[in-house]
Structure formats: C-alpha cells, structure tokens
Amino acid sequence: MALLEVSAVVSGYGQTEILHGVSLTIDDGEIVTIIGPNGCGKSTLMKTVAGLVNVWDGTVNFRGKDISSTPPEQIARTGLCFVPQTRNVFPTLSIRENLEMGAFLRKDDFTWRIEEMYRFFPDLALDPGRRAGSLSGGQRQMLAIARALMLDPTLILLDEPFAGLAPAMVYLVLDRVLEINRSGVSVLLVEQNARQALSVSNRGYVLVSGENRLEDKGSALLDNPEVSRLYLGG
Amino acid sequence: MELAGVLNYLVGFFIMVGIYGIFSLGLNVQWGFTGLFNAGIAGFFALGAYTTALLTTPAPDAAQVEDFIFGGNLAGLPYLDWGIDFWFILSLAAVALVCGIVAYAVGRLTLRLSGDYLAIATLGIAEAVRLMFLNEKWIANGSKGLYRIPEFLGDLVSPANYDYLFLVVVLVVLALLYLAVQRVVNSPWGRVLRAIREDEVAAQSSGKDVYSFKLQAFILGGIIMGIGGALYAHHVRFISPITFDPLLATFVIWAMLMVGGSGNNRGALLGAFVVWGIWSGTQFLPWFFADPNFRFFMIGVLIVGVILIRPGGILGETRRVSRVVGASSHTPVKEGGNPKE
Amino acid sequence: MTRPLETRLSPLSRLAGPIRRQWSPGHTTVAIVLAALAIGLLPFVHMGLVVNGVFLGAIIALGAVGLTLIYGILHFANFAHGDYMTMGAYVALFLTASFFPWLGVTSDGFGPFTFGFTLLIALPVAAIVVIAGAILLDRFVYRRLRDRGVSDLFMSMSSMGVAIALRGLVQMIWGGDIETYPRESKQVFHLPMDVRIPPDAIFIALMAVALVVTVYLVLTRTRIGKAMRATADNPELALVSGIGTRGVTWWTWGIGAALAATAGVLLAVFQGQLLPIMGWKFLIPVFSAVILGGIGNPYGALAAAFAIGVTSEVSTQWMNPSYKPAVAFAMMIAVLLIRPKGLFTMAGSGR
Amino acid sequence: MAVPTPILEVRDLVKDFGGVRALDHCTLDIEPGHITGIIGPNGAGKTTLFNVVSGAMRPTGGSIAFYGRRIEGWGMHRTFGLGLVRTFQIPREMQRMTVMENLMLVPAQQMGEKLWASWFRPGRVAQDEDRISTQARDVLEMLTLSHLADEYAGNLSGGQKKLLELGRTLMAEPRMVLLDEPGAGVNRTLLRNISKSILLASAERNVTFAIIEHDMGFVMAMCDQIIVMANGAVIAKGTPTEIQNNPLVMEAYLGGLNRGSP
C-alpha cells in the first residue's frame with residue numbers, strides 16, 4: 001500500500017478552482033518530485049495535502065487513513081510534516097524555540113532530537129538563541145526543515161526548498177534532503193529547478209494547469225522532450 | 001390637558017430623535033460609507049455644543065460670575081440682530097469650522113495608520129475635550145456648565161410653545177443635512193468612499209488618493225456631529241461636562257447607526273428613532289426595566305447583537321445603479337443581500 | 001550525518017550578538033528604575049511624584065501587557081479591556097464586602113496595609129471569574145465573528161459593545177456610586193527626599209512585578225507561552241506544526257483577563273475607591289502604553305507603561321491632576337507624530 | 001518607419017527585501033503598441049517588477065522612465081494619473097459595489113469626486129457621469145459582462161472578476177496596462193474572452209500591454225514579444241519562436257545541467 005495516495009483531488013481558494021483532479025502516490029522511502037510551470041498548482045497541492053486548503057472533491061489517504069477533512073494541526077500528528085516555501089520559520093522566536101515548536105505535539109523529552117538536529121545542521125548549533133528572523137536564506141531553510149523533522153515524520157513535504165538559494169547552499173540543502181531520505185523518511189518535493197530535483201528522485205510528476213500531465217521515473221522525465229514543451233508551450 | 005401633555009412629550013421626543021438623527025448621519029458618513037471607526041463622537045458633540053454656547057450666550061452679571069470669561073454674546077449684538085436671528089447661522093458656521101479643524105488634526109495624525117489608531121485617538125480626544133471644559137473654569141465655568149443659552153427665533157413664540165418651533169428648526173436642519181449627505185454619498189465622491197471601505201488597496205490602484213478622501217469624509221462627519229451638538233445646546237439650554245458622558249454622547253449613537261443600518265442614510269435616521277424610542281420608552285416600564293443601568297446594559301447588548309445577528313442593521317445598504325447623480329435619478333434596484341461581510 | 005560540514009558554514013556568528021538580545025523584564029525594570037531615579041533627581045521634580053508614577057505605571061503595565069498580547073495574537077483592539085478591570089475590582093468588592101462577611105469572616109487593615117487579608121483571597125477568585133467571563137465572551141461573540149471572517153475593525157467594535165454591556169451590568173448590580181473595599185487608615189512610610197509611600201503601593205508594585213515576571217516566564221519558558229508567540233508570528237506555520245488555535249486563544253484571553261482583573265483590584269486599592277467607569281477611563285493610559293510600546297510587543301508595553309505613569313504623575317506638579325489621562329494621550333499623539341509604529345518596535349519582528 | 005521609442009524604460013532596477021534581492025539590476029524596454037509577455041520561473045521577480053513600476057513599492061535603486069518621465073518612487077495613484085495601470089494576481093474588486101460602480105469608480109479627474117461639486121455644480125457632475133457611464137457600458141459590452149452590470153461584484157465568479165479587473169484598467173483610458181496573471185484560475189471560455197478583449201483593446205485603443213502569465217499557450221499566442229526573467233534580471237527577449245528555441249530559457253526553468261547532482 002502506498003504511503004500517501006492522492007486521488008482525483010479538486011481544491012482551490014475562495015471560488016477559484018486551482019486543482020482540477022490531481023492524483024499521485026508515494027511509497028515508503030521514496031523521493032517524489034512534482035514539477036511543472038508556474039501557476040500549475042504545485043504549492044496548492046502541497047497545502048491541500050497539509051490541510052491548509054480544503055479538499056473540495058477526491059481523497060487524500062495517508063497510511064491508509066483518509067485525511068482529506070482533518071484539520072492541519074491534527075495532520076501533523078499523523079507523521080506528515082509540511083515545510084512551506086516562504087514564511088517557514090517563526091521570525092521572533094529563537095532557533096531553539098523554533099525547534100521546540102516543531103516538537104509541540106511530542107509528549108516525551110525531545111532534547112535529544114534537538115541535539116540531533118544541531119548535529120545534522122551544524123549551522124543551527126552555532127547560536128541557538130539567535131532570532132530566526134535574522135538568519136540567512138539557507139540557514140532559514142535548514143531551520144524550517146529541522147522544525148518539520150522534530151516530530152519524526154514518515155513523510156515530509158518540501159515546497160521549493162532551493163528557491164532563492166545560492167548554488168553552494170543548494171548543494172548543502174539537497175545533500176541534507178538525501179540524508180533525511182536515507183534515514184527512512186519519504187520526501188515529496190515541489191521544485192522549479194527540475195533537473196536537480198529529478199536527478200535525485202525516484203519518480204516525478206509533471207503538473208500543468210492543475211492537472212496531471214506526465215508521470216515517470218525521475219531520470220526518464222529528464223530526457224523527455226515533452227517536458228520542455230509543457231513548460232514553454234508551443 | 002392630558003392630550004397636551006402627550007403632545008408636549010412627543011414634540012420633545014422628536015426633537016431628540018432629530019438631533020440624534022444628525023449625529024447618526026454624521027457617523028454614517030464616517031463609518032457607514034468610509035469605514036472609519038470614531039469612538040469619540042462625544043468630543044465633536046461637546047465641541048459643537050460649547051462653541052455655540054460660548055459664542056451666543058450673554059455674559060452673566062457680576063454676581064454670577066466667578067472665574068470664567070465668556071467668549072461672546074453673538075445673539076445680543078445689535079448689528080447682527082436683523083430681526084431673523086442671523087447669529088444662529090453664523091454660530092453654526094463657527095461650530096463647523098472648529099469641528100472641521102479638530103477632525104482635520106486627528107485625521108492627519110491617524111488616517112494613514114490602521115483603523116484602530118483612529119478609534120483610540122478619537123476616544124482620547126473626546127476625553128481631552130471633556131477634561132478641558134471641566135478643568136479650565138475660565139473657559140466654560142467648569143463642572144457648573146453654561147446656562148441661559150439663547151433660543152433661536154425665541155422671540156417669535158411664547159416660551160411655552162417654543163418647543164414646537166424648535167422641532168421645526170431641527171427638522172429643517174436635519175432635512176438639509178440629509179439631502180446634502182444623500183447627494184454627496186451618491187455622487188462619485190461617495191463612490192470613492194465606499195470603494196475605500198471595501199478595499200483600500202484597490203481604491204489606491206484605481207488612482208484614488210485614499211488618504212485625502214478619508215480625511216474629507218472624517219471632517220464632513222465631524223462637522224455634522226458638531227452641528228448636532230450645537231442644536232442640542234440650543235434645545236436643552238444648559239450644558240456641562242456631564243452632558244457628554246460617552247454613553248449618551250457616543251455609544252447610543254453607535255447603537256442607532258448599527259441598528260438602523262450603516263451605509264444607509266434612511267437607516268441612520270430610522271435607527272435614531274428606534275433606539276431613542278427604546279431608550280426613552282423603557283422608562284415607563286415597570287420594575288427594573290426602567291432602571292437606567294439596565295438600559296445602559298441593553299445598549300451594549302444591542303450593538304453586539306446587531307453585529308452578530310444582522311450586521312446590516314434593519315435597512316441595510318441599498319444597491320446603487322450606475323446613474324447616481326442627484327437624489328431624483330437614484331433608484332435602488334432592490335434590497336441587495338450582502339455577498340460577504 | 002556523515003559528511004563534515006565545517007567548510008560550508010556561513011559566517012552567522014558575527015552578527016548574532018546585538019540582534020539576538022531581546023528586552024526582558026529584568027533589563028526593562030533596571031532601565032526604568034534608573035530612568036525614574038534620574039528624573040527624580042532633577043532639582044525641579046518632586047521625587048515623591050516619581051515614586052507615585054512608578055506605582056501607577058505598574059498598574060498600567062498590567063493592563064497594557066494583557067491588551068498588547070490580545071492585540072498581537074487575536075489582531076484586534078479590545079475596547080472591553082478596561083471593563084474587564086472594572087469587573088475584577090467589583091468581584092473582589094463583592095467577596096470582601098459581602099460574601100466573606102456573610103460567612104462571618106471580616107478583615108481590614110491587614111498588616112501594614114489598609115485592606116484586609118480577605119482581599120488576598122478575593123484577588124485570585126476575581127481573576128478566575130474574569131478569565132471565565134472572557135473565555136465565554138470569546139466563545140459566544142468573538143469566535144463567531146472570527147469564523148465568519150469579519151474585519152478586525154468589526155471585532156473592535158463588538159468589543160466596544162461588550163464594554164458598554166459590562167459596565168451596565170456593574171451598574172445594575174452595584175449602582176453608580178463610589179464604593180471602597182473594607183479598609184482602615186494606615187501610616188505612610190517616610191523616606192528621604194520628602195517621599196511618602198503608602199504601604200499599599202508597595203503591595204501594588206510587588207504584585208505587578210511578580211505578575212509581569214510570571215507572564216514573561218510563561219511566554220519564554222513554557223510550551224504554551226512559546227506557542228502563543230509562535231501563533232502571533234506565523235499562524236499558518238503554527239497550525240502545520242500542530243499548534244491548535246483554540247488553546248492559544250484561550251490562553252491569550254486567560255492571561256489578558258487575569259492581568260486585567262488584578263490591575264482593576266490594584267487600581268481600586270491605589271485610588272482608595274471603585275467606580276463603574278474606572279476601567280473605561282483607564283483605557284486611555286493603557287492604550288497609550290500599548291501604542292507607545294509598539295502594538296503586540298509586551299516588553300515595549302511594559303516600558304511605556306512606566307514612562308506614562310511617571311510622566312503623568314510628574315505633570316501634576318504643574319497641571320491639574322485630573323489631566324493625567326490627557327497627558328498619557330498627549331504622549332501617544334507625540335509618538336504617532338514621530339514614530340507611528342511605536343517606540344519599541346524591533347527591526348524584523350515580522351509585522 | 002522610425003524605430004519606436006520605448007514607452008517604458010527600466011534601467012538597473014534593484015529591489016531588496018531585507019536580505020533578499022528580488023530585482024537585481026533589471027533592465028528592459030517596452031515599445032508602444034505591443035503586447036509583451038513577461039515569463040520566468042517563480043521568484044524571478046516578475047510581480048515585484050510590476051509592484052515597483054506601478055509605484056506600489058519603492059525601488060532600492062535604478063530608474064524607471066515612462067514616456068521619458070522618471071517615475072521611480074511615485075505613489076500608485078500618481079503613476080495611474082500618467083496612464084500606467086496595473087492589475088493584481090488575485091482580483092481585488094469592491095465586493096459590495098455593483099459591477100457598473102466598480103468600473104465608474106476608475107476614471108481620474110472626475111468632477112463629482114470633489115466634495116463640493118455635487119452640491120454646487122450638479123450639472124457638470126451629471127455630464128461627467130453620463131460620459132463615464134457610457135464608457136463603462138462600452139467596456140462591459142466588450143467584456144460581454146453587460147448582463148451583470150447591476151450585480152454586486154462580490155457575487156461574480158472568479159473568471160468574471162478577472163474580466164472586471166481588466167475592465168477597470170480599460171476604464172482608466174490607459175496608455176499602458178500591467179496585467180498580473182490574467183489567466184490564473186480562469187476556465188477556457190473566459191480565458192478566450194480575456195484574450196479577445198486584450199487584443200481588441202490593443203488594436204482599437206492602442207493600449208500597450210505587459211502581461212505576466214504562466215499559461216504558455218496563452219502567452220505564445222497573444223504576445224508579439226516576450227521578456228524572460230530569472231533571479232531578478234532579464235535573461236532573454238525576443239519573439240515567441242525565438243524564446244521557445246532559446247536554450248538559456250529552458251535552463252532558467254529546469255535548472256542548469258552544469259550544476260548537476262551532487
């Protein structure tokens with residue numbers, strides 16, 4: 001059984017329908033990337049799965065349970081954690097407090113997990129009392145990912161984690177994402193920077209105008225001329 | 001006798017409805033059309049009342065004077081006495097000027113900031129104005145207040161019948177203000193105000209100088225409230241800082257506008273009638289319903305209740321069609337259900 | 001966790017120092033005491049007024065910290081805050097003047113204070129009553145409005161309605177006359193520089209400091225306090241982190257209402273009297289402190305409250321004492337002229 | 001025929017948000033009468049460019065000239081007065097005002113917008129209103145929204161709101177319109193309507209358009225020139241065919257192969 005199964009999901013904001021029936025699956029331990037031109041609904045899909053946008057139609061199954069009408073604060077409890085693209089840290093809280101907020105639902109003593117995150121992202125350990133709002137883009141992204149990892153999720157959703165990062169930072173973050181995946185966490189990635197993301201993914205989906213267009217192995221999508229046609233029309 | 005008593009009561013009642021109708025109209029310009037939260041109507045009320053009282057009341061004789069100086073005796077000046085009490089108009093103009101200037105100053109400070117700032121600042125202004133009249137005895141006799149405020153056209157009728165005349169005066173002023181406000185809010189000027197109320201950024205992107213329009217609306221509303229205060233002073237003929245307690249000078253007026261229907265001038269007047277009716281009618285009720293404190297409580301409940309249950313008030317806003325010049329060519333299509341609050 | 005990452009570290013530590021430091025009540029209190037001393041030592045200022053101002057400031061601070069929290073997390077100006085104070089004061093009055101005597105317990109002049117020990121019991125009870133009231137009001141008024149998605153201004157307006165209703169309620173039950181807690185006159189302490197301190201004032205200051213420090217500890221050390229700050233920072237991210245809105249909302253009202261109720265009781269002790277309008281009148285200094293301190297910033301509100309308390313007390317040296325609220329208001333206006341976002345807003349606070 | 005002078009000249013435009021540089025020495029020209037598409041990956045700075053050019057935001061550096069006039073740092077209502085009009089990604093209509101009112105609000109320098117005018121110059125105001133309402137009806141006709149003239153704007157569907165938004169820009173009698181994603185969330189039929197209206201406005205009213213849009217079919221069909229942005233700067237400019245065959249563009253979208261995988 002698939003870990004996450006999104007089937008024929010319709011959703012949007014207000015009266016505007018953005019997703020017109022999107023389906024995808026992620027199996028345990030996979031990295032799956034969703035690519036597609038701007039405005040195709042990638043971010044909306046992420047928010048819909050995370051519960052921030054209401055599902056109008058279709059179902060979202062996570063570990064065999066339908067979570068399509070579960071409020072976002074409950075979804076986090078099931079082991080599905082979401083890292084938004086922007087505004088993904090609490091700016092006036094310190095680094096450590098951000099991590100503690102990530103572990104809000106944990107009832108055990110999670111200090112070890114914070115230490116683990118400090119080892120995993122040594123940048124964060126330099127000055128844990130520092131306000132998150134004063135971090136650089138790359139550090140902020142690391143903190144955002146670390147926050148999501150605090151709950152020990154089985155699936156982590158990353159919305160454009162590399163956007164706006166310097167190339168060296170992209171390497172660093174990508175490397176960490178692969179490491180996270182190796183430790184057994186499935187990753188759903190939305191990326192604009194398709195080549196980089198697809199090259200490390202098991203599978204990829206191409207989303208266009210709120211609908212599925214292509215699905216294939218990551219490397220196969222890379223070589224598919226159809227992909228660039230979908231991006232630039234014609 | 002019985003009938004005369006009832007009639008007298010009704011005349012007094014409608015004078016108050018008329019005066020409160022003016023306040024409600026002024027508030028409608030600010031809140032109903034522009035979305036400006038004025039929590040200190042009492043300030044403009046007091047400024048209007050004191051300005052006209054100070055300008056028109058004759059100086060008291062030496063025996064009565066303690067330590068205050070009167071500003072003027074407009075009503076008694078011979079060259080202004082052209083047989084038609086011209087001073088009244090002059091005094092209202094002065095009231096408009098004073099309230100306009102204060103509204104301008106408050107607006108300048110707060111209208112660029114988010115709406116709550118205006119509410120807090122007007123609250124403060126109302127209190128500051130009250131404190132000034134209370135403490136600076138030399139201005140307005142402090143807590144003892146001003147009395148013997150002259151009657152407009154008072155020599156035309158006997159004092160016993162004066163209220164009948166004053167009712168006409170109030171209704172004429174109210175009608176003029178109503179028509180004037182009705183005309184501007186239905187003009188392109190009012191259209192911009194409503195656009196600002198709906199979405200400030202969109203109004204700005206349509207090339208409107210939002211700040212300037214807000215300022216104009218706030219000043220216009222403040223002037224209308226000041227005129228209401230002036231009429232109140234000439235009606236009651238005695239004012240003191242206690243008159244401008246926030247309950248009767250701010251909250252009741254809010255209740256009136258919310259109940260009647262903000263964004264609708266007829267609603268503003270209807271609200272004045274309904275709420276003042278409730279207010280003055282309950283004193284005839286038995287038991288604790290007549291307790292002014294119970295009425296106080298009810299005014300609060302009324303405001304919250306209207307917001308919760310029927311945010312548009314009784315009448316609600318009417319949908320306007322495109323041709324909106326003048327009152328004659330303005331016909332509401334139908335009572336529109338609000339798409340969203 | 002295999003690769004060495006040292007080479008790729010970015011130089012963040014250099015910047016960390018000054019930005020990280022947040023204002024804590026400790027810093028603020030030291031700064032206030034120093035500033036107050038400095039003002040008091042000016043030859044033309046009466047030291048006694050400064051000391052009095054600090055006590056007044058402590059009460060303003062209790063109101064302002066709660067109000068600014070509500071503003072920061074629930075995003076509207078709670079015009080009923082003053083009347084929560086009034087409610088607290090009157091519930092304590094009911095307990096000390098009616099309920100405890102009915103039980104046969106009477107007390108006044110406890111220790112060096114004018115009030116009895118029953119007030120110390122009444123105070124937490126009053127706080128609990130006001131907290132319950134605030135949460136009920138949220139459940140039946142504000143939550144319904146939030147769910148409907150009305151604008152913040154409508155929320156403020158309904159809070160004004162709530163304020164009127166609460167005051168009407170107080171007047172219905174207790175009438176509009178001046179009341180006092182059961183009390184006994186007490187000797188004031190004489191200090192150098194012609195400073196006279198009524199013992200009650202020391203109680204007020206200790207209570208205020210204790211509560212403000214407690215709130216600070218709650219906000220910075222506890223799980224729920226951090227969750228409140230997180231929600232104020234970024235409500236959507238708080239949700240996906242599993243932080244439920246309802247708990248945070250209730251805690252916000254709880255803390256705000258508890259502080260307000262205490263401030264009300266302390267104000268009644270400080271002024272030696274209760275009036276139904278006391279809370280509404282106190283709104284002006286409290287709001288001034290909130291705006292002066294930068295809306296949503298508790299530390300700013302704290303510092304601003306003391307600044308307003310001292311300034312308005314010292315102003316009575318030259319002005320009629322009843323102008324005190326006007327002085328607070330004038331300070332707010334001055335701030336709006338110079339720095340509309342408040343004096344203590346921190347760069348990058350994300351709002 | 002003379003080389004057309006650009007209507008809009010953007011030089012070295014820089015916009016920083018805190019530490020993030022959204023526009024990085026962005027330089028571009030837009031010639032009059034054209035429909036220019038502005039494309040590029042998310043975060044390329046397209047909307048920021050519109051925000052800065054339309055005066056919603058102050059630039060950190062650089063210059064903007066509209067018809068030769070320097071306008072950087074002007075407020076939105078001033079650039080609007082010059083005939084430079086923009087729309088928003090998410091339509092911002094006045095919900096509790098009718099469609100007709102939404103349109104009639106727009107024209108600048110209306111006599112009736114002066115507080116005193118409707119008291120003392122009602123004739124002039126009525127004249128203005130007549131003219132403006134005729135203009136509004138024409139626009140509604142063109143947008144095929146006439147049947148909704150007296151409907152509350154808040155009751156329109158998402159696509160109709162987009163059309164209304166376009167209509168509002170046309171009411172301004174603009175010289176240049178900046179459209180931010182006119183096609184987002186719009187169904188096919190309405191999208192055809194929108195493109196028809198744009199083409200009509202361009203042809204009949206000689207309006208210059210700059211359009212941010214992700215629907216490439218729409219962009220390639222509508223625009224006679226395309227500007228590609230990435231990382232806050234312009235990386236390519238040309239006709240649709242040129243852009244489609246430009247390897248740089250593909251790389252901007254899909255990420256360079258040279259960076260590769262770690």
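The shown structure was predicted, so the numbers you read here are calculated from the model rather than taken from an experiment. Every chain is numbered from 1 and lettered A, B, ... according to where its sequence line falls, protein lines coming before strand lines.
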To the nearest 0.5 Å, tell me how far [X] [atom1] sits from [Y] [atom2].
{"X": "C/Leu145", "Y": "B/Leu308", "atom1": "CG", "atom2": "CG", "answer": "5.0 Å"}
{"X": "C/Ser158", "Y": "B/Ile303", "atom1": "OG", "atom2": "CD1", "answer": "10.0 Å"}
{"X": "B/Ile120", "Y": "C/Leu283", "atom1": "CD1", "atom2": "CG", "answer": "9.0 Å"}
{"X": "C/Arg167", "Y": "B/Phe296", "atom1": "CZ", "atom2": "CZ", "answer": "3.5 Å"}
{"X": "B/Phe297", "Y": "C/Leu166", "atom1": "CZ", "atom2": "CG", "answer": "8.5 Å"}
{"X": "C/Met172", "Y": "B/Asn293", "atom1": "CE", "atom2": "CG", "answer": "8.0 Å"}

Greatest number of heavy atom pairs closer than 4.5 Å to chain C - which of [options]:
{"options": "B/Glu127, B/Arg108, B/Arg112", "result": "B/Glu127"}
{"options": "B/Leu302, B/Leu123, B/Val301", "result": "B/Leu123"}
{"options": "B/Asn135, B/Thr110, B/Leu109", "result": "B/Asn135"}
{"options": "B/Met258, B/Met132, B/Met298", "result": "B/Met132"}

Would you mind checking which part of [X] comes under 4.5 Å of any heavy atom in chain B, side chain (CB onward), backbone (N, CA, C, O), both or neither?
{"X": "C/Leu153", "result": "both"}
{"X": "C/Ile333", "result": "both"}
{"X": "C/Met332", "result": "side chain"}

task: Could you tell me which of C/Phe287, C/Phe76, C/Tyr323, C/Trp280 has the largest number of non-hydrogen atom pairs under 4.5 Å with chain B?
output: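 Sorted descending by pairs with chain B, the first entry is C/Tyr323.
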
- prompt: Taking the inter-plane angle between the rings of B/Phe37 and C/Phe79 on a 0 to 90° scale, is it parallel (under 30°), tilted (30 to 60°) or perpendicular (over 60°)?
  reply: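 Geometry flag for C/Phe79 against B/Phe37: tilted rings.
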
Is the count of non-hydrogen atoms from other residues, nucleotides or ligands lying under 6.0 Å from [X] atom [atom1] greater than 12?
{"X": "B/Tyr211", "atom1": "OH", "answer": "yes"}
{"X": "B/Ile242", "atom1": "CD1", "answer": "no"}
{"X": "C/Trp250", "atom1": "CH2", "answer": "no"}

Quick one: are [X] and [Y] in side-chain contact, heavy atoms under 4.5 Å?
{"X": "C/Ile295", "Y": "B/Tyr117", "answer": "yes"}
{"X": "B/Leu131", "Y": "C/Pro325", "answer": "yes"}
{"X": "B/Trp254", "Y": "C/Ile164", "answer": "no"}

- request: Evaluate the criterion side-chain contact (heavy atoms from CB on, under 4.5 Å) for residue pair B/Trp31 and C/Met157; output intermediate values, then yes/no.
  value: CA-CA 11 Å; B/Trp31 169 255; C/Met157 183 165 304; 3.7 Å; yes

query: Do B/Ile125 and C/Phe329 pass the side-chain contact (heavy atoms from CB on, under 4.5 Å) test, and can you show the C-alpha distance, the side-chain angles, and the key distance before you say yes or no?
result: CA-CA 8 Å; B/Ile125 284 287; C/Phe329 177 64; 3.7 Å; yes

task: Start with the C-alpha gap between B/Asp116 and C/Tyr71, add the side-chain angles, then the distance that decides, and say whether side-chain contact (heavy atoms from CB on, under 4.5 Å) holds.
output: CA-CA 10 Å; B/Asp116 295 319; C/Tyr71 216 132; 2.6 Å; yes

